[in-house]
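What follows is a single structure, written as structure tokens, with notes after it.
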Number of protein chains: 2
Amino acid sequence: MATRTDKTLTEQLAINIADAVLSGEFVSGQRLDEQMLAQRFNVSRTPVREALRHVASSGLVEIRPRRGAAVASIDKNDLEMLFVAMGELEAACARLAALSMTPIERRRLNALHEKMADYVTGDLPEAFAESNLDFHAQIYAGAHNRALAEMTAGLRRRLAPYRRAQFRTPGRLPHSHAEHGAVVAAILAGHAAEAHAAMLHHMTLVESAFEEFSSASAA
Amino acid sequence: MATRTDKTLTEQLAINIADAVLSGEFVSGQRLDEQMLAQRFNVSRTPVREALRHVASSGLVEIRPRRGAAVASIDKNDLEMLFVAMGELEAACARLAALSMTPIERRRLNALHEKMADYVTGDLPEAFAESNLDFHAQIYAGAHNRALAEMTAGLRRRLAPYRRAQFRTPGRLPHSHAEHGAVVAAILAGHAAEAHAAMLHHMTLVESAFEEFSSASAA
DNA sequence: TATAGTCAGATTGTATACAAAAATCGTAGA
DNA sequence: TCTACGATTTTTGTATACAATCTGACTATA
């Protein structure tokens, strides 16, 4: 979804609504009244409706005909399903990246990976988390497949709220970095199957790390 | 996309427009004037706009702000990209199917595969093509991951027009069936990595079969 | 008391009207 | 003849009005 400079209210609204959902301001299951949203953003119902449908296409909200929109209520099964799907997509990106990355892209990925080693030794989870986004984004881009990259990035954005505390788990930082190392090594060597397996392994561990954590937050 | 019985004009329109694009009635690059569509379907512009945005979310049409909608023009690079992405998604589904299919699902898949053998010996490409849809659909379902299954099925639908003549290529039928056999064997045995590799192999061959064919149809 | 039916209020779906931007066409000038 | 500018026309974006459906409460009846 090439988010260019759209000045249209619909696009702005879609972003605002998605943000409100992702930030937790609109909680899971909450009904999204069109009039309420229109009033809140000082626009008419028309762009609100279009924005809601746009956000719905990413799965963040659900629209039932003649019954209105609501923030998609994700139960534990759905969440696990999405994590699994994301693991597969990330692994596919890593596989393609191993096949398609240019030498420059490979070098940049390796450089980022080495920089992140410092964040591990310095125990800087925030910096690591930020660079982690870059790390995965570089792999999406390196797959040289816009369709796949967009799907993967979209899923990651959608799951972001459930991963906030990911690197807070004690000892997770060095583990993550080691798993990244395996992915990087396979990609640099151009070993597609290994890159796939390594990324899948990494994402599976991320998922289980989440699950240990998720007894706190209900859906 | 749970297509329930929506009587809303928007939903009907979205289906009609998508069909018109997929059937080739609306050709690649053609502008889709809102008024024109509204007149054609005897509705107002409002449901047309919503339907267009819905169809756009599947990639069939492109909407540029303040410049209207047009049938997505897919060049050769885009098409190859989509085929690659679909291969990866199919492979992911096969991988998960190997891990998650129930005994009943495995038996049904095997039964279908054996039935398709008859279509090969009988040289019935139409019957094979029809069952081929089932074959892949069963694998999507067997992955037990709705998110992934929907993405894959969506991509397949979108690429369907470019695969029409797939099984017309002489000698393609037995090849396809043999590749299917490798996939089925891996899934039945629960060998995830093999299922992944076999499906990837299959889809890559499908893609190249298409490429041999595609010198005729321009984008 | 529980249940079914009906009616009022609220909310979504669709149509139309108006505003703003873009595309088109013609004309003037070099 | 070609280019550049400007007005007209067309098309999209947004607001509002109206129609259809759903929700929920109240009442009547078993």
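Being a predicted model, the structure only gives us computed values, none of them experimental. In what follows, chains carry the letters A, B, and so on, assigned in the order in which the sequence lines appear, proteins first and then strands, with residues in each chain numbered from 1.
Partners of Arg95(A) according to the salt bridge (Lys or Arg N to Asp or Glu O under 4.0 Å) rule, which considers only residues two or more places apart in sequence or in another chain, are Glu88(B). Remark: Leu133(A) engages Arg156(A) in a side-chain contact (heavy atoms from CB on, under 4.5 Å) (not counting sequence neighbours). When the side-chain contact (heavy atoms from CB on, under 4.5 Å) test is applied to Ala141(A), no partner is found at least two apart in sequence or on another chain.
Residue pairs meeting the salt bridge (Lys or Arg N to Asp or Glu O under 4.0 Å) criterion with at least one member in residues 125-143 of chain B, sequence neighbours excluded, are Glu126(B)-Arg168(B).
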Contact state string [nucleotides 12-21 of chain D, B base, S sugar-phosphate only, - no protein heavy atom under 4.0 Å]:
BBBBBB---S

Residues 16-23 of chain A, side-chain donor-acceptor partners within the protein, below 3.5 Å, at least two apart:
from	atom 1	to	atom 2	distance (Å)
Asn16(A)	ND2	Gln12(A)	O	3.4
Ser23(A)	OG	Asp19(A)	O	3.1
Ser23(A)	OG	Ala20(A)	O	3.2
Ser23(A)	OG	Glu25(A)	N	3.4

